[in-house]
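Bear in mind the structure is a predicted one, so any value in this text is a computation, not a measurement.
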Amino acid sequence: MTNEDVAQELEDIADLLEIADANVFRVRSFRRAVDSIAELPEDVAVLLAESRLTDVPGIGKSIARIVEELVNTGTSEEKEALLAQYPESLLEMLRISGFGPRKAAVVFRELGISTVDELEEAAAAGRLQDLPGMGAKTEDNIINSIDAYREGQQRALLGEMLPVAEDLVARLREHPDVIRAEFAGSTRRHRETVGDLDLLASSADPAGVCKWFAGLEILEELTMAGDTKVSGRLAGGRQVDLRVVAEASFGAALQYFTGSQQHNIRLRERAQRMALTVNEYGVFKADKEEKGDMVAGTAEEDVYAALDLPWIPPELREDRGEITAAEADELPELIELSDIRCDLHMHSQYSDGRATVEELARACMELGYAYIGIADHSQTLTVANGMDADRVRAQHEEIAKLNEKLKQEGTKFRVLQGIEADILSDGSVDVPEGTFELFDYVIGALHQGFSPDADKITARMVAAVKSGMIDIVAHPTGRVLLARQPYGLHIDQLIAACAEHDVALEINASPQRLDLDDTHARFAVQQGCRLSINTDAHGPESLTHMRYGVMQARRGWVEADNVINTWSLRKLRSWFKKRRS
DNA sequence: GCCGTTTTCGGCCCGACTGTTTTCAGTCG
């Protein structure tokens with residue numbers, strides 16, 4: 001059972017407990033455990049075997065016992081007992097916006113409704129309006145929400161939503177009554193996927209701005225329209241929320257709406273201990289004499305300062321120890337896009353890229369890089385026009401000529417020759433016979449023969465790492481966001497091997513991959529691995545995806561020196577050389 | 001159910017909006 005499976009089972013229990021009207025704090029505990037397990041870099045089974053599970057924040061004896069039961073038997077008594085009272089199909093109903101556990105319990109108890117289809121039918125037939133707390137309007141909303149749900153309300157890629165958020169913020173800023181505007185939420189935290197867009201503005205006339213925004217033609221549907229808050233849906237069903245506050249509260253509101261929810265809960269608990277209270281309008285005194293006195297609110301930095309903390313970068317605000325680190329003044333100095341001096345994984349026309357080597361080089365000079373590496377596919381990957389030995393030699397000559405030309409032009413920009421070599425089913429590396437010496441470096445990658453057997457895949461990759469043939473492991477888990485699960489892989493073993501043999505792990509910056517993810521990147525650095533952030537571009541236009549790779553690295557607490565792309569060409573070359581000797 | 005620089009018991013973040021209510025519960029973030 002994977003961590004994801006365990007988290008799902010615990011979430012089911014939390015949902016069922018809520019339907020069963022259990023203690024709200026008990027439910028909250030389960031939800032906290034779900035989050036903790038979902039983002040664990042290590043396998044729960046490993047933690048369990050080493051009795052380290054209760055070290056995880058939010059997991060105590062009871063939940064640890066349930067996890068143990070799940071890992072050993074695939075189910076738990078807790079869940080079975082709940083399923084004896086409520087059918088599992090009720091859980092799907094909770095996905096319907098505006099329809100929660102209370103209403104689910106009522107329709108099941110009163111009318112025996114247990115599926116989304118039955119719910120829709122009952123709402124359409126007007127059978128819900130006699131139930132307590134429901135009326136004709138409720139039925140309309142349920143029908144609309146079920147439509148939206150069926151449209152497929154899955155999360156969207158950050159790479160798709162960030163440009164939309166940037167555009168909407170620009171439009172807000174053009175409004176004459178808007179003082180400041182930003183996007184917040186998971187978009188500002190640069191999460192790899194985004195559920196909805198959270199926008200924030202300050203104004204002396206919040207109601208006027210809300211009214212204007214509610215009338216924008218890009219909102220295909222309006223779901224909520226108050227004097228300080230507007231919610232609607234974009235084409236395609238994506239939800240957008242706008243909040244408008246007074247300028248004096250902008251910093252507090254930005255902090256609040258950036259989240260994450262767990263991070264905010266930790267902050268507020270801390271505020272309570274300091275006799276303060278935090279909400280989206282500011283930080284206020286909570287003790288009797290001065291109750292309500294405002295301490296901070298205009299700037300986000302001031303909110304943290306009022307809580308005796310340095311400002312915490314949004315990417316870290318996930319309740320993963322950032323508040324403790326901030327307290328001790330031990331926040332990482334996160335890598336920035338401007339630290340990146342090269343991109344080492346891109347494809348030219350020598351395999352499946354659209355541009356020539358020179359076009360890629362010129363585009364990267366424009367981006368301000370000091371050098372790049374071309375890494376075309378190897379011969380086994382015929383579908384991607386992988387290079388055989390002859391083509392490797394031809395490319396080698398072309399790159400040498402280009403470097404000579406660049407030298408003549410007086411620039412120090414240089415092009416390295418790498419290769420994205422397939423790691424074959426026996427763990428050998430597909431570098432064409434007699435060409436190994438030509439390459440400045442080799443990237444190892446898995447593209448075919450995905451076995452369902454995690455042990456096999458792991459052994460194959462570890463063998464390649466141990467062979468001394470590869471310098472970087474490309475997109476280590478093989479996942480494609482919202483499309484393909486990672487191949488089964490014991491990533492802790494791969495990370496251990498990379499640390500031991502000084503092989504870098506890639507953070508593939510393609511918005512569809514972002515592989516490694518944030519928690520694995522952090523774990524890899526903790527284990528002593530180097531990382532390499534690369535775009536895997538197949539044309540010049542996707543070279544700018546580098547920013548998404550850097551965002552993911554920042555979420556993984558990664559500093560510039562952990563990433564080989566921040567090194568000078570001289571330093572990187574000597575590292576490659578040392579690895580070969 | 002979890003947790004501890006007031007605590008091993010007694011707390012647990014905070015507010016907007018909606019729809020159904022005559023003062024508030026449910027849902028959401």
In whole angstrom, what separates A/Arg102's CZ from B/dG19's C1'? 17 Å

Between B/dG19, B/dC17, B/dG26, which nucleotide has the shortest distance from any of its atoms to the side chain of A/Thr228? B/dC17

Identify whether any heavy atom of A/Ile96 sits under 4.0 Å from a base atom; if not, whether one sits that close to sugar-phosphate; answer base, sugar-phosphate or nothing. sugar-phosphate

Sticking with atom P, work out how far B/dC2 lies from B/dT7, rounded to a whole angstrom. 22 Å

I'd like to know if the side chain of A/Arg173 reaches the main chain of A/Ala181, judged simply by a donor and an acceptor atom lying under 3.5 Å from each other, with no hydrogens or angles considered. yes

For the pair made of CD1 in A/Ile19 and P in B/dT27, what is the distance, rounded to whole Å? 10 Å

Integer-rounded Å distance: B/dT20 C1' and A/Asp130 CG: 14 Å

Please state the C1' separation for the pair B/dT6 and B/dC12 - nearest whole angstrom. 16 Å

Within this structure, what is the CE-to-P distance between A/Met93 and B/dT27, rounded to whole angstrom? 13 Å

Between A/Gly226 and A/Met134, which has a closest nucleotide on DNA chain B that is more 5'? A/Gly226

How does protein contact run along nucleotides 2-14 of chain B, one letter per nucleotide 5' to 3', with B for base contact, S for sugar-phosphate only, - for none, heavy atoms under 4.0 Å? SS--------BBB

Tell me the interatomic distance from A/Asp21, atom CG, to B/dG26, atom C1', rounded to whole angstroms. 12 Å

Test of understanding: with side chain to side chain donor-acceptor pair (under 3.5 Å), list the residues that count as partners of A/Lys79, not counting sequence neighbours. A/Glu9, A/Asp12, A/Glu88

Without decimals, in angstroms, what is the distance between A/Asp241 CG and B/dG29 C1'? 8 Å

If you check every side-chain atom of A/Phe30, which of B/dT27, B/dG1, B/dT20 has the closest atom? B/dG1

Find the distance A/Lys137:NZ to B/dC17:C1' and express it as a whole number of Å. 13 Å

Please report the shortest heavy-atom distance between A/Ala524 and A/Ile495, naming the atom on each side. CA-CG2, 3.8 Å

Looking for any heavy atom pair under 4.0 Å, which part of the strands does A/Asp140 touch: base, sugar-phosphate only, or nothing? nothing

Please classify the nucleic acid contact of A/Ala225 as base, sugar-phosphate, or nothing, using heavy-atom distances under 4.0 Å. sugar-phosphate

Roughly, in whole Å, what's the span from CG in A/Asn141 to P in B/dC17? 16 Å

For atom C1', what is the distance between B/dT23 and B/dT18, given to the nearest Å? 15 Å

Just checking, is any N or O donor in the side chain of A/Ser510 or A/Gln512 under 3.5 Å from an acceptor N or O on the other one? yes

Heavy atoms under 4.0 Å, any strand shown: does A/Ala184 hit a base, just sugar-phosphate, or nothing? nothing

For B/dT8 and B/dG1, measure between their C1' atoms and round to the nearest Å. 15 Å

Taking B/dC13 as the reference, what is the distance to B/dC3 when you measure between their C1' atoms (whole Å, please)? 16 Å

CG of A/Asp329: more than 12 outside heavy atoms within 6.0 angstrom? no

Counting only N and O atoms by type, is there a donor-acceptor contact under 3.5 Å from the side chain of A/Glu139 to the main-chain atoms of A/Leu128? yes

If we take the C1' atom in both B/dG26 and B/dT20, what is their distance in whole Å? 10 Å

Test item: A/Asn279 side-chain N/O and A/Gly282 main-chain N/O as donor-acceptor pair under 3.5 Å: yes

Just to be sure I understand the rule, does A/Ser97 reach a base, reach only the sugar-phosphate, or reach nothing, if contact means heavy atoms closer than 4.0 Å? sugar-phosphate

Does the side chain of A/Gln552 pick up a donor-acceptor pair with the side chain of A/His190 at under 3.5 Å? no

Now, which nucleotide makes the Watson-Crick or G-U wobble pair with B/dC28, with each of the two distances under 3.5 Å? B/dG15

